[in-house]
Undergrad: 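Following this message is one structure expressed as structure tokens.
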Amino acid sequence: MEVLERVDVALGKNSYQVLIADGLLSCLGAELQSLVKIGRIAVVTNPKIDRLYGARVRKSLEEVGYEPLMVPLPSGERYKTLRSISRIYDALIQNRFERSDSLIALGGGVIGDMGGFAAATFLRGISYIQCPTTVVAQVDASIGGKTGVDHPRGKNLVGAFHQPRLVCTDPSSLKTLSKREYRAGLAEVVKYGVISDADFFAYLEENSAAILSLDSEKIGYCISRSARLKAEVVQSDEHESGRRKILNYGHTFGHAIETLTGYSQYRHGEAVAVGMVAAGELSVELGFLGEQVVQRQITLLKALGLPTEMPNLDPEEILNVMASDKKVSGGEIYFVLPEKIGAVRLMPVEGKQLRLFLKSLAIYN
Ligand SMILES: NC(=O)c1ccc[n+]([C@@H]2O[C@H](COP(=O)([O-])OP(=O)(O)OC[C@H]3O[C@@H](n4cnc5c(N)ncnc54)[C@H](O)[C@@H]3O)[C@@H](O)[C@H]2O)c1
Ligand SMILES: [Zn+2]
């Protein structure tokens, strides 16, 4: 196994590495043994991921002497609840897990957020290792220590910051994702280019066809570079009091789209793709960005098979959803607005101006 990249996430005593390598899930045991001292290990996953990757993970842990406890949870965002967390606690308590024991979250962002939250809270905090298996989880959710669950009134309303001890990313696991799931995740990859890395954006433009056809080398590069960019942002602002907010680029519009279409029509990444174009247009409207930059974004997103056009939604409803979003502070809605490819600013936009903009998009007729 050739390690493609070791990304340092430097957070003082909470520091850790992101290891990226094709085939890593089959060598997990050895990596854990050499990097973190751990007692017993519980593997939190879901039945589908267990079927695909459970056996190789179990085997690699057993090879170095662990007896992993598998904890499968039901699949899907609608099970990202306190009830599922309780099931993890039940398994850990039944098996007499202690403070010195650890947990592995093997799966997408849903499993990662829940495994992390259970680890943050069980016995006031045990160590955990992220093994992300979706694009979203590999480039975003597994790095940075945000953990949590949804509440019937909204997503991610209950949670904690708890950094993992290690992130083990195996890009080859992305090959079993559905095409749609894979493409949706690429929206977050494009996001990194726009917010902080013009060269990477150009790389994505040049290699979009190979990336779409799952070329191993190109995927590996996209995952590594994105993980590095995420790590840099997290390092500069661990608890999201400032700079880390730039990761929300495209997400204010994106969340409104997801909410108003009932979370069924768009995958999260698809809504973010549309949201990034809308945020770009808003930036043009406010005079911070040239229209040709928005066109570049549209061309790249389309080349990656992502949607770019706002659906037909009522501007007032969009405003209402945005106003109840977590990104509101003191009554003003904050937006991450690009100034060029590779640089963004965070700023409040008045309701009046926003209303005019939404109407000018001619999205409601
Ligand atoms: N903590 C953070 O910083 C952060 C950041 C971004 C997103 N998130 C959270 O992540 C969640 C979304 O994560 P996601 O997009 O990974 O969705 P997900 O975890 O629901 O996974 C998507 C689907 O893919 C399946 N799957 C996972 N890996 C697979 C593989 N290798 N092959 C085949 N199928 C596979 C899953 O079973 C699931 O059905 C949301 O709950 C979101 O709030 C958290
Ligand atoms: Zn996102």
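Remember, it's 1-based here, ligands and their atoms both numbered in the order they're listed.
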Undergrad: Is the backbone N or O of Val139 less than 3.5 Å from a side-chain atom of Lys230, with the two atoms forming a donor-acceptor pair by type?
TA: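 No; zero donor-acceptor contacts below 3.5 Å.
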
Undergrad: Between Phe288 and Arg345, is there a cation-pi geometry (under 6.0 Å to ring centre, at most 45° from the normal)?
TA: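 Ring-cation test returns yes.
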
Undergrad: Kindly give the cluster partners of Tyr128, where membership spreads through any ILVMFWY side chain lying under 4.5 Å from a current member.
TA: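 Tyr128 shares its hydrophobic cluster with Val44, Leu69, Val71, Leu73, Leu82, Ile85, Ile88, Tyr89, Leu92, Ile93, Phe97, Leu103, Val110, Ile111, Met114, Phe117, Phe122, Leu123, Ile126, Val149, Val158.
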
Undergrad: Under a 3.5 Å threshold, yes or no: a donor from one side chain and an acceptor from the other, between Ser241 and Asp237?
TA: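 Judged by distance alone, the side chains do pair up.
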
Undergrad: side-chain hydrogen bond (donor to acceptor under 3.5 Å, both in side chains) with Glu258: which of Arg267, His268, Gln265, His251?
TA: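 It is His268; the other options fail the test.
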
Undergrad: Group every Ile, Leu, Val, Met, Phe, Trp and Tyr by side-chain heavy-atom contacts under 4.5 Å, then state whether Ile318 and Phe357 land in the same group.
TA: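 The answer is yes; both residues are in one hydrophobic cluster.
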
Undergrad: For the rings on Tyr203 and Tyr221, is their centre-to-centre separation under 6.0 Å?
TA: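 Ring centres of Tyr221 and Tyr203 closer than 6.0 Å.
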
Undergrad: Please confirm whether the backbone N or O of Thr81 pairs with a side-chain atom of Asp150, one donor and one acceptor, at under 3.5 Å?
TA: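 Side chain of Asp150 to backbone of Thr81: no pair is present.
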
Undergrad: With sequence neighbours excluded, tell me which residues meet side chain to side chain donor-acceptor pair (under 3.5 Å) with Ser216.
TA: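 Only Lys175 meet the side chain to side chain donor-acceptor pair (under 3.5 Å) criterion with Ser216.
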
Undergrad: List-wise, which protein N, O or S atoms are found short of 2.8 Å from the Zn ion (ligand 2)?
TA: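 Checking every protein N, O and S atom gives Glu188 OE2, His251 NE2, His268 NE2.
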
Undergrad: Where does ligand 1 get N/O contacts under 3.5 Å from the protein, atom by atom?
TA:
{"unit_1": "ligand 1", "atom_1": "1 (N)", "unit_2": "Asp113", "atom_2": "OD1", "d": "2.9"}
{"unit_1": "ligand 1", "atom_1": "1 (N)", "unit_2": "Lys146", "atom_2": "O", "d": "2.9"}
{"unit_1": "ligand 1", "atom_1": "13 (O)", "unit_2": "Gly109", "atom_2": "N", "d": "3.2"}
{"unit_1": "ligand 1", "atom_1": "16 (O)", "unit_2": "Gly109", "atom_2": "N", "d": "2.8"}
{"unit_1": "ligand 1", "atom_1": "16 (O)", "unit_2": "Thr134", "atom_2": "OG1", "d": "2.5"}
{"unit_1": "ligand 1", "atom_1": "19 (O)", "unit_2": "Gly109", "atom_2": "N", "d": "3.1"}
{"unit_1": "ligand 1", "atom_1": "19 (O)", "unit_2": "Val110", "atom_2": "N", "d": "3.0"}
{"unit_1": "ligand 1", "atom_1": "28 (N)", "unit_2": "Thr133", "atom_2": "O", "d": "3.3"}
{"unit_1": "ligand 1", "atom_1": "28 (N)", "unit_2": "Thr133", "atom_2": "OG1", "d": "2.7"}
{"unit_1": "ligand 1", "atom_1": "31 (N)", "unit_2": "Thr133", "atom_2": "O", "d": "3.0"}
{"unit_1": "ligand 1", "atom_1": "31 (N)", "unit_2": "Ser173", "atom_2": "O", "d": "2.9"}
{"unit_1": "ligand 1", "atom_1": "31 (N)", "unit_2": "Thr176", "atom_2": "OG1", "d": "3.3"}
{"unit_1": "ligand 1", "atom_1": "32 (N)", "unit_2": "Thr176", "atom_2": "OG1", "d": "2.7"}
{"unit_1": "ligand 1", "atom_1": "37 (O)", "unit_2": "Asn46", "atom_2": "ND2", "d": "2.9"}
{"unit_1": "ligand 1", "atom_1": "41 (O)", "unit_2": "Glu77", "atom_2": "OE1", "d": "2.6"}
{"unit_1": "ligand 1", "atom_1": "41 (O)", "unit_2": "Glu77", "atom_2": "OE2", "d": "3.3"}
{"unit_1": "ligand 1", "atom_1": "41 (O)", "unit_2": "Lys80", "atom_2": "NZ", "d": "2.8"}
{"unit_1": "ligand 1", "atom_1": "43 (O)", "unit_2": "Lys80", "atom_2": "NZ", "d": "3.1"}
{"unit_1": "ligand 1", "atom_1": "43 (O)", "unit_2": "Asn156", "atom_2": "ND2", "d": "3.2"}

